[in-house]
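Residue numbering restarts at 1 for every chain, and letters A, B, ... go by the order of the sequence lines. Just so it is clear, the structure is predicted and the values come from calculations on it, not from any experiment. Just so it is clear, the values below take in all heavy atoms, side chains as well, and ignore hydrogens, waters and symmetry mates.
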Amino acid sequence: MSNIFQSYKTKVDGILGGMAANGDLPADLDMSRVKVEPPKDVSHGDMATNAAMVLAKAAGKNPRQLGEAIVAKMQAMPEIKEASVAGPGFVNFRLADSEWMETMRTILTEGVHYGDSALGKGEKVNIEYVSANPTGPMHAGHTRGAVIGDALANLLQKAGYDVTKEYYFNDAGTQVDVLARTTHLRYREALGEDIGDIPEGLYPGEYLKEVGEALVKRDGDKWRGKDEAEWLVPVREFAVNFMMGVIKKDLELIGITHEVFSNEREMVEDGTLETAFRTLTDKGLIYQGTLPPPKGKEMEDWEPVELTLFRSSNFGDSSDRPLKKRDGTWAYIMPDIAYHYNKIQRGYKWMINVLGKDHHGYEERIRPAIAALAGEDKDIRLNVVYCGMVKLFKNGEPVKLSKRAGNIITLREIVEEVGPGAVRFFMLSRTPDSELDFDFAKVVEQSKDNPVFYVQYAHARCCSVLRNGAEMFPKADLSPEALAKADLARLSTPEELQLIRFMAGWPRFVEAAAEAHEPHRVATWLHDMASEFHAFWNKGRDVGALRFLHEDDEALSLARMALVKSVATAIASGLAVMGVTPLEELHG
RNA sequence: GCGCCCGUAGCUCAACUGGAUAGAGUGUUGGCCUCCGAAGCCAAAGGUUGUGGGUUCGAAUCCCGCCGGGCGCACCA
């Protein structure tokens, strides 16, 4: 819970407040744009504030003049080593070394919780991801959204939100009926019938064979030769349960466990759907009417028909939406609306959906309904994180996929080939909405152009130093608590301080990534962290004095080991957000 | 036709929500292992951030117009 930039922001606010009190600044100044950040170029200093530039105009002063006044105040503070105005009016300043040592102690004390933030103030947030319908195992296409959703959930948790990981599946539509029919066919096959090719319109994948076999095991030939009307419901229920079991096991392979599973059938049966519909009706947002034909699309058989419509155009939608089909049954968006109604009822004001980019239309259909249901409560909000497609490559060649032909690449296959950590890290290495090339060869490659390896290598090197240190100083206590008490003042070289400064930036990254809903930033930070460490390591090859361990100087060695342990901890903290286990040794 | 997203080094991508000289990896060129893991490091080279305007102390980032690419637009899920 300690962000050194945050605490210096507070100090800067204090300086500005003092100046306002003295009349050096207008009293009612808008200070919301004042920031304290690391300067882009480390040679400028440890931190910089834009206060002078942002406030100059309103204060009626020029930025540099105002900057000098701020510098003067800073120079009187013992924790600030030096301060100066630069460029267009940045105030750059350096902290006393002791401030950085304190940061290191924080890292060692907090462990993987280093970087935890109170940003979210414990607000409840519901993050829904994966949500694949139970018609087949997890495949490559699901993996990205699954990993991004999971890492985002971890990230928000670290940033101080009360996160619920949720999965919604549709078990009442035509898809699961197709599942039931295909299962029944596989069931007959398992009973010894020759079923020939899977007919058009059913699921061709081999994976349903085991479902058919399992059904035989449970029910024998009970459903053979019976009318569909008799077996559809029980077979459907059996197949849905079976496939959800398969999906949960698949997700476990990459460390994903949802806390809540919601489904359509329950919402129909417990009346949530009716209640949601009645709520909209009571608000006067439901009417009988006819829609104009859809634009920009060839509609040969379109004819006007009166339907039950929702006035979604009141909430920014381009047109009203039918909630019932002409036969009176619910249109497909109604269960989705009911599901979001259900989330609101459960007390969530913030909902996040992680979807594939191809589901873009979903948002504009669901958002008006949420706005309608939220009514006066402006805190209720929905964010949709879109995930770009993943292109699979093997040996540099794109892997052609066709779901229709049933030759999908499953999540299981991917994990078995490259391991869960590599899958997760790679899927998280780009902005969520960008396309991603996933090359099997590259992901397992052990070189620096593989970010997974590069980061793990840095962590393993840290562990290696600590192992060697334990051997060199067998009597020394190398626990984090003990290392935190080492004589850290021995760390005084620019290289060491640079490493510490970089680690000190981690809490900022956590907050920024959480606010942007961009877990990939953690991957970027980890790569840079590893790079800093590798660079420092190699300096020790050139300059012996910079090596971590010195047999004749235990105090220095302990201080350096504290530094190394901090780096390992910071890396572990980042990897934890990504759901990747840090490695202590590399093999191969 | 309407809506959303994207366009950054030869290639794949970053850029901490408006900051200072736009950065990594790869590829090219040259250096560093009697030394804690060279699976690594250092250096050189590579750019009018698609394009034209606007907003301001300051723009890859925000606004508008073009150009180019992707996705979505049913009572289907």
* To do: Establish, yes or no, whether the cationic atom of A/Lys324 lies under 6.0 Å from the six-membered ring centre of A/Trp330 and within 45° of the ring axis.
  => yes
* Does the ring of A/Tyr287 carry A/Arg311 above it, NZ/CZ under 6.0 angstrom from centre and within 45° of its axis? -> yes
Remember a base hit wins even if backbone is also touched, and classify [X] as base, sugar-phosphate or nothing at under 4.0 Å, heavy atoms.
{"X": "A/Ala535", "answer": "sugar-phosphate"}
{"X": "A/Arg365", "answer": "base"}
{"X": "A/Glu585", "answer": "base"}
{"X": "A/Thr329", "answer": "nothing"}
{"X": "A/Pro322", "answer": "sugar-phosphate"}
{"X": "A/Lys57", "answer": "sugar-phosphate"}
{"X": "A/Trp525", "answer": "nothing"}
{"X": "A/Ser318", "answer": "nothing"}
{"X": "A/His359", "answer": "nothing"}
{"X": "A/Glu511", "answer": "nothing"}
{"X": "A/Ala460", "answer": "base"}

* Asked: Quick one: the side chain of A/Arg430 and the base of B/C13, do they pair up donor-acceptor inside 3.5 Å?
  -> no
* **Among B/C75, B/G37, B/G72, the nucleotide that comes nearest once only the side chain of A/Arg461 is considered** => B/G37
* To do: Could you check which of B/C16, B/G3, B/U12 has an atom nearest any side-chain atom of A/Arg508?
  => B/C16
* Structure fact -> Exactly one candidate in A/Phe533, A/Tyr454, A/Phe425 meets ring pair (Phe, Tyr, Trp, His ring centres under 6.0 Å) with A/His527; the answer is A/Tyr454
Check whether any side-chain nitrogen or oxygen of [X] sits under 4.0 Å from OP1 or OP2 of [N], and answer yes or no.
{"X": "A/Trp506", "N": "B/C16", "value": "no"}
{"X": "A/Lys325", "N": "B/C76", "value": "yes"}
{"X": "A/Thr431", "N": "B/A14", "value": "yes"}
{"X": "A/Lys357", "N": "B/G72", "value": "no"}

* Same-atom distance (C1') from B/C57 to B/G52, integer angstrom -> 24 Å
* Structure fact -> Value for CG (A/Leu179) from CE (A/Met243), rounded to nearest 0.5 Å, stands at 7.5 Å
* **Nucleotide pairing, RNA chain B (Watson-Crick or G-U, distances under 3.5 Å), in dot-bracket with [ ] and |** => (((((.(..((((.....[...)))).(((((.......))))).....(((((..]....)))))).)))))....
* Asked: Taking all non-hydrogen atoms of both residues, which atom of A/Arg64 and which atom of A/Gly87 are closest, and how far apart?
  -> NH1-O, 2.7 Å
* Structure fact -> Contact string for nucleotides 18-32 of chain B, one letter per nucleotide 5' to 3', B = base within protein heavy-atom range under 4.0 Å, S = sugar-phosphate only, - = neither, reads -BB---SSS------
